Amino acid sequence: MYKIMFSAGEVSGDLHGAAIAKALKKIQPESKLFGFGGEKMRSAGVDILYDMKEYNVMGFWEVLKNLRRMFKLRDDLLMVIQREKPDLLILIDYPDFNWRLAEKAKKLGVPIFSYIPPSAWAWRKGRAKSVAKIADKIVAIFPFELAAYEAVGANIEFVGNPMIDSVKPEMDKATAADYFDANLNNPNVLLLPGSRQQEVTILLPEMLKAAESIYAKYPETQFYLPAAATISRTMLQTIIAPFHLPIRITDTYTYDLMNICDVAVATSGTVTLEAALMELPTVVLYKMSPISYFIGKLFIHVTNFSLPNIIAGERIIPELLQQEVNTERIAREMLALFKGTAGAAAVKLMLAQTKAKLGQPHAVDRIAKLIIEAADHCALQNSNKN
């Protein structure tokens, strides 16, 4: 039996952690899984000692303001490590926090397994070398991540992206349309404002203004908004209320909803890849505080910022950044991808081609096996030392 500790601080990390936990339980049902994460991981059998909802912030400046709380969390998790002596610490994304934790944990003799390593391909390329020194094993979920780490001798693999398996509808299109009371002959638009309160507060009003513009031209349009577990319905309803739009807030069957919608507008993040895997044309938005944007410009040098475009190696879906996030531009880009347009057909074709780059099904089972192999290897190394 292994004692495996997790550290995941975001909604996407919680989903990945839950999938890994389920796969690990199939291989070694007696293993003890615990650590820092969210409700999905808890439901998958991980003993959540610290809930990520209390520590979910974005942007350089916002993280700085919360440093004291984050240092306290790190110290608390290190106390857990000293008490429980885990056989392996799995870090899932959340790099600015996780690698500070990893550095200390490594000194305590805990082997480190990195799942979704820091984006050394995009910025702070020197991180690859420091991560390679700390991590015993690294598993990437995108093929473009490998080069930066292989260049510094990291033990890294890409075995496929688990979202290939998880992102799929549960109902056929007609059943989903009935479930969501959708008319497939009319435009159905999906609003995806994000899972952090900060990004919802900033970007949802911009999405709604654009929705008003679209609704004025196409009054038969129906809008849908899947509520993230981290965002209260009360908050969403308060933001939506002044706009008088036909918006249905949902909290289930999001992939089925994507399957019946014609176009989406989304905050940049994992959800844009989910939409891409569902071949849903999407306009991607990203906006942060001016100081965070200024700092980001100094360090981040990428042509595209949304995952589908990065994977494709070209801009296949529209991206709007900072001042580009405005009513006129959002509405214009969305209308260009409306049902029946040449733009929508072209984007759907390119999204299908992008999906093919993410590997074969059942990646999470292969990842779970790598985790057990890493735990076995590290245990053998420790026994040889003793």
Side-chain angles (χ1 to χ4, degrees), residues 11-12 15 39-40 43 163 165-195 200 203-267 269-285 308 317 330-331 333-335 337-341 344-345 347-348 351-352 355:
V11 170
S12 58
L15 287 168
E39 192 55 43
K40 297 291 186 185
S43 298
M163 292 174 70
D165 294 302
S166 61
V167 179
K168 56 183 63 175
E170 297 181 45
M171 300 178 262
D172 61 62
K173 208 163 187 174
T175 304
D178 286 341
Y179 180 85
F180 290 108
D181 193 25
N183 185 336
L184 296 180
N185 294 317
N186 293 336
N188 293 294
V189 174
L190 192 58
L191 309 179
L192 299 165
S195 59
V200 171
L203 290 173
L204 180 54
E206 301 291 350
M207 293 180 181
L208 294 170
K209 291 173 191 174
E212 276 190 328
S213 177
I214 291 170
Y215 189 57
K217 293 181 180 179
Y218 298 98
E220 69 277 20
T221 303
Q222 175 66 53
F223 298 90
Y224 294 90
L225 197 164
T230 49
I231 306 296
S232 74
R233 282 201 172 216
T234 301
M235 177 184 176
L236 292 174
Q237 289 165 343
T238 300
I239 297 173
I240 290 169
F243 290 89
H244 305 294
L245 287 163
I247 296 179
R248 181 171 175 181
I249 301 174
T250 68
D251 53 16
T252 55
Y253 301 111
T254 300
Y255 301 143
D256 293 282
L257 185 55
M258 288 180 174
N259 200 34
I260 63 169
C261 283
D262 305 299
V263 65
V265 56
T267 298
T270 304
V271 73
T272 63
L273 181 56
E274 292 173 312
L277 292 173
M278 291 302 303
E279 298 178 22
L280 175 62
T282 302
V283 178
V284 185
L285 314 181
I317 56 175
I330 298 169
E333 297 288 0
M334 292 179 70
L335 288 170
L337 297 176
F338 250 47
K339 183 179 187 176
T341 63
V347 166
K348 281 178 173 289
L351 290 175
K355 180 178 179 178

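As a basis for the values below, the full set of heavy atoms in this structure was taken, side chains included, without hydrogen atoms, waters or symmetry mates. Here the structure is a predicted model, which means the values were calculated and not measured. If you read the sequence from its start, that first residue is 1, and numbering goes on from there.
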Undergrad: Less than 4.5 Å apart, any side-chain heavy atom of Met258 and any of Pro169?
TA: no
Undergrad: Go through the steps to decide whether Val200 and Met235 satisfy the test side chain to side chain contact (heavy atoms under 4.5 Å, CB included), and finish with yes or no.
TA: CA-CA 9 Å; Val200 171; Met235 177 184 176; 4.0 Å; yes
Undergrad: Quick check on side chain to side chain contact (heavy atoms under 4.5 Å, CB included): which of Val189, Thr282, Asp262 does Met334 satisfy it with?
TA: Val189
Undergrad: Closer than 3.5 angstrom, by distance alone: can the side chain of Lys348 be matched with the main-chain N or O of Glu279 as a donor-acceptor pair?
TA: yes
Undergrad: Below 4.0 angstrom, N of the basic side chain to O of the carboxylate: do Asp181 and Arg248 qualify?
TA: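 Judged by the 4.0 Å cut-off on N to carboxylate O distance, Asp181 and Arg248 do not form a salt bridge.
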Undergrad: Verify ring pair (Phe, Tyr, Trp, His ring centres under 6.0 Å) between Tyr218 and Phe338, making sure each step is shown before the conclusion.
TA: CA-CA 11 Å; Tyr218 298 98; Phe338 250 47; 5.5 Å; yes
Undergrad: Atom CG in Leu208, atom CG in Leu191: separation rounded to 0.5 Å?
TA: 6.5 Å
Undergrad: Would you indicate whether Lys217, at its atom NZ, is surrounded by more than 12 heavy atoms from other residues, nucleotides or ligands within a distance under 6.0 Å?
TA: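 Atom NZ in Lys217 is not packed in, count stays at 12 or less.
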Undergrad: What's the spacing between Met278 CE and Thr254 OG1 if we round to 0.5 Å?
TA: 10.5 Å
Undergrad: Please check if the distance between the ring centroids of Phe243 and Tyr215 is under 6.0 Å.
TA: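 Ring-ring flag for Phe243/Tyr215: false, centres at least 6.0 Å apart.
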Undergrad: Roughly how far, to the nearest 0.5 Å, is CE of Met171 from CG of Asp178?
TA: 9.5 Å
Undergrad: Please determine whether side chain to side chain contact (heavy atoms under 4.5 Å, CB included) holds for the pair Asn183 and Asn188, giving the CA-CA distance in whole Å, both sets of side-chain angles, and the decisive distance to 0.1 Å.
TA: CA-CA 8 Å; Asn183 185 336; Asn188 293 294; 5.7 Å; no
Undergrad: Can you find a heavy atom in the side chain of Met163 that is under 4.5 Å from one in the side chain of Thr270?
TA: yes
Undergrad: Any idea which heavy atoms bring Ile231 and Ser195 closest together, and the distance?
TA: CD1-O, 3.7 Å
Undergrad: Among Ile240, Ile239, Leu245, find the one that has a side chain to side chain contact (heavy atoms under 4.5 Å, CB included) with Leu225.
TA: Ile240
Undergrad: Can you check whether Val11 reaches Lys40 side chain to side chain, under 4.5 Å on heavy atoms?
TA: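 No, side chains not in contact.
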Undergrad: Answer yes or no: is there a side-chain heavy-atom contact under 4.5 Å between Tyr179 and Asp256?
TA: no
Undergrad: Are any of the side-chain heavy atoms of Lys173 and Leu184 separated by less than 4.5 Å?
TA: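 A side-chain contact under 4.5 Å exists here.
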Undergrad: If you define the side chain from C-beta out and look only at heavy atoms, does anything of Val283 sit under 4.5 Å from Leu337?
TA: yes
Undergrad: Of the non-hydrogen atoms in Leu257 and Thr250, which two are nearest, and what is the gap between them?
TA: CD2-OG1, 3.6 Å
Undergrad: Side-chain contact test, heavy atoms from C-beta onward, threshold under 4.5 Å: evaluate it for Leu335 versus Ser213 and give yes or no.
TA: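 When only atoms from C-beta onward are counted, Ser213 and Leu335 do not touch, as no gap falls below 4.5 Å.
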Undergrad: Of the non-hydrogen atoms in Ala228 and Gly194, which two are nearest, and what is the gap between them?
TA: CB-O, 3.9 Å
Undergrad: With rounding to the nearest 0.5 Å, note down the distance linking CD1 in Ile249 to CZ in Phe223.
TA: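 Answer rounded to 0.5 Å: 14.0 Å.
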Undergrad: What pair of heavy atoms forms the shortest contact from Val347 to Ile317, and how long is it?
TA: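 Here Val347 and Ile317 meet closest at CG1-CG2, 3.8 Å.
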Undergrad: I need the Ile214 CD1 to Met207 CE distance, nearest 0.5 Å.
TA: 11.5 Å
Undergrad: Between the side chains of Asp172 and Thr175, is a donor N or O closer than 3.5 angstrom to an acceptor N or O?
TA: yes
Undergrad: Grab the two heavy atoms, one from Gln222 and one from Pro246, that are nearest each other, plus how far apart they are.
TA: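 The pair with the smallest heavy-atom distance is NE2-O, 2.8 Å.
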Undergrad: For a side chain to side chain contact (heavy atoms under 4.5 Å, CB included) check, start with the C-alpha distance between Val265 and Leu192, then their side-chain angles and the critical distance, and finish with the verdict.
TA: CA-CA 6 Å; Val265 56; Leu192 299 165; over 6 Å; no
Undergrad: Would you tell me whether Ser166 and Tyr255 have side-chain atoms, one donor and one acceptor, within less than 3.5 Å of each other?
TA: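 On atom types as modelled, these side chains do not qualify, holding no pair under 3.5 Å.
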Undergrad: Do you know which two heavy atoms are closest between Pro193 and Thr267, and how far apart they sit?
TA: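 The answer is O-OG1, 2.7 Å.
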